[in-house]
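My structure is below; once you've seen it, I'll send some questions.
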Amino acid sequence: MSITRLIIQRSSLFSPLFSAAKRLAPLPLNFSYLSLPRFIDSSPEPSSLSSPFFHSARLLSTQTPDEDNKEEAQDPFHYQTDESGDDITDDWEEEDEAEPKLGDGGDGGGVVLQGVPWGDRVLLIAYEVLKQFGDDLKLYAFKTSPRGYIYVRLDKVSTEYGCPSMEELESYCREYRTKLDEAGTLGEIPDDLAVEVSSPGAERILKVPDDLSRFKDMPMTVCYEDTESNCPEKSGVFMLDSIETEAGICLWKLANVKENRDPESKGRPLTRKQKEWRLKLPFTEHRKITLYLEY
């Protein structure tokens, strides 16, 4: 059994470089665990769990390289090692920061297992643990890595941006870690997987039409295909006016934000003509929709 250490890091949410509007939109919260050798004092201070910071850590194997080599020959779940035979989780694997796409297992939501043999099992465990938290907490995204990492994003339906509280993320992470350890002891999955639990944040990609009604009272940045002009793709900041489900169409109106106002209007609202303007888009012509953040 390994000892777990919880590392506290200051969140950039409190950085003075962020605009007031950016601070109002919650950044993704993050929890993960680090298994350390027994000789390290890893007992967290009780007061740290109520600190206004997010938690970030990593999970390392506590076995020696020789032990890892022996297990690799016997364990079909053993994941990749480097040329020296050392476990390559010695350095925390940062999640890919590529432009998010719908269904990418990250900010685009969805499930991506990348072909790991233990992927289906850890996904099932994630859903089983989620049942303990009621219907308000949903699995937004889930991704596994061949190097033994599990990335979980949880969505809280009742909050404005879908962000669970720090306490909820921490509680889920601990319970999930416990269930993974139990499965690892039984040999169902590797016994040294790294886990990161976070929220999708305000820059999540919205699904059409599933997520639109939920955020209908908030401005959204909509990238769409314009079939009536020479420009193949356009974008704008809109509010959802209505959804025609049977026809597969969304009706958008201009949001009252600075991007849509006359720069010389000195803060005056939209004109009557702008307020009456509508854009009708088939579901299939939406390319990407995110919540609008005013900088």
Side-chain angles (χ1 to χ4, degrees), residues 1-5 30-37 56-98 100-133 137-155 169 172-200 205:
M1 179 184 298
S2 59
I3 299 176
T4 298
R5 181 183 182 187
N30 177 291
F31 288 85
S32 44
Y33 279 93
L34 168 63
S35 290
L36 297 173
S56 180
R58 57 177 179 158
L59 181 70
L60 300 183
S61 172
T62 58
Q63 297 171 326
T64 64
D66 288 341
E67 291 173 331
D68 282 342
N69 290 338
K70 292 178 182 179
E71 283 202 357
E72 182 177 5
Q74 300 174 358
D75 185 3
F77 291 126
H78 190 95
Y79 48 84
Q80 298 176 3
T81 58
D82 60 20
E83 293 180 357
S84 66
D86 292 334
D87 196 326
I88 59 177
T89 57
D90 285 351
D91 294 315
W92 176 258
E93 177 186 76
E94 295 295 339
E95 193 174 5
D96 186 9
E97 295 183 356
K101 297 180 180 180
L102 193 64
D104 63 6
D107 285 335
V111 174
V112 177
L113 301 180
Q114 302 193 72
V116 297
W118 40 269
D120 288 331
R121 183 67 181 114
V122 296
L123 176 60
L124 179 60
I125 295 173
Y127 278 119
E128 291 174 347
V129 173
L130 201 57
K131 293 178 182 178
Q132 303 176 25
F133 293 82
L137 211 58
K138 304 291 184 182
L139 188 67
Y140 175 77
F142 188 92
K143 182 165 61 176
T144 59
S145 161
R147 297 180 66 186
Y149 291 78
I150 304 172
Y151 302 96
V152 183
R153 281 178 169 83
L154 298 180
D155 180 23
L169 290 176
Y172 180 90
C173 193
R174 289 185 184 278
E175 185 63 27
Y176 187 41
R177 179 73 261 175
T178 298
K179 296 299 182 182
L180 290 176
D181 288 343
E182 293 174 358
T185 300
L186 296 174
E188 298 176 349
I189 60 174
D191 60 2
D192 53 358
L193 296 175
V195 178
E196 179 179 285
V197 178
S198 62
S199 63
I205 296 180

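In this chain, numbering begins with 1 at the start of the sequence shown.
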Checklist entry - Counting only N and O atoms by type, is there a donor-acceptor contact under 3.5 Å from the side chain of Y140 to the main-chain atoms of G105? => result no

Next on the checklist: What's the separation between atom CZ in R174 and atom NZ in K179, rounded to the nearest 0.5 Å?
Outcome noted: 15.5 Å

Checklist entry - By side-chain hydrogen bond (donor to acceptor under 3.5 Å, both in side chains), which residues pair with D104, not counting sequence neighbours? => result none

Item to check | Rounded distance [0.5 Å steps], CZ in F142 versus CZ in R153 | outcome: 12.5 Å

Checklist outcome for this item: Here the pair of heavy atoms bringing G106 nearest to A141 is O-CB, 3.3 Å

Item to check | Whether Y176 side chain and V197 backbone form a donor-acceptor pair below 3.5 Å | outcome: no

Checklist entry - Side chain of Q114, backbone of T144: donor and acceptor closer than 3.5 Å? => result yes

Checklist entry - Hey, does W118 have a side-chain heavy atom less than 4.5 Å from the side chain of I150? => result yes

Next on the checklist: By the definition side chain to side chain contact (heavy atoms under 4.5 Å, CB included), identify the one residue from V116, I189, L180 that meets it with R121.
Outcome noted: I189

Next on the checklist: Do Y149 and V195 make a side-chain contact, defined as non-hydrogen atoms from C-beta onward lying under 4.5 Å apart?
Outcome noted: no

Checklist entry - Is the gap between the ring centers of F133 and Y172 under 6.0 Å? => result yes

Checklist entry - Say you draw a straight line from CG of L113 to OG of S145; how long is it, rounded to the nearest 0.5 Å? => result 11.5 Å

Next on the checklist: Looking at every heavy atom in both G108 and P100, which two are closest together, and how far apart are they?
Outcome noted: N-CB, 4.3 Å

Name the atoms and distances for all side-chain donor-acceptor pairs under 3.5 Å in residues 123-131, with sequence neighbours left out.
none

Next on the checklist: Within this structure, what is the CD-CZ distance for the pair E182 and R177, rounded to the nearest 0.5 Å?
Outcome noted: 11.0 Å

Checklist outcome for this item: CG (D155) and CG (L139) are apart, to the nearest 0.5 Å, by 9.5 Å

Item to check | For the student: nearest non-hydrogen atoms of L154 and P200, plus distance | outcome: O-CD, 2.9 Å

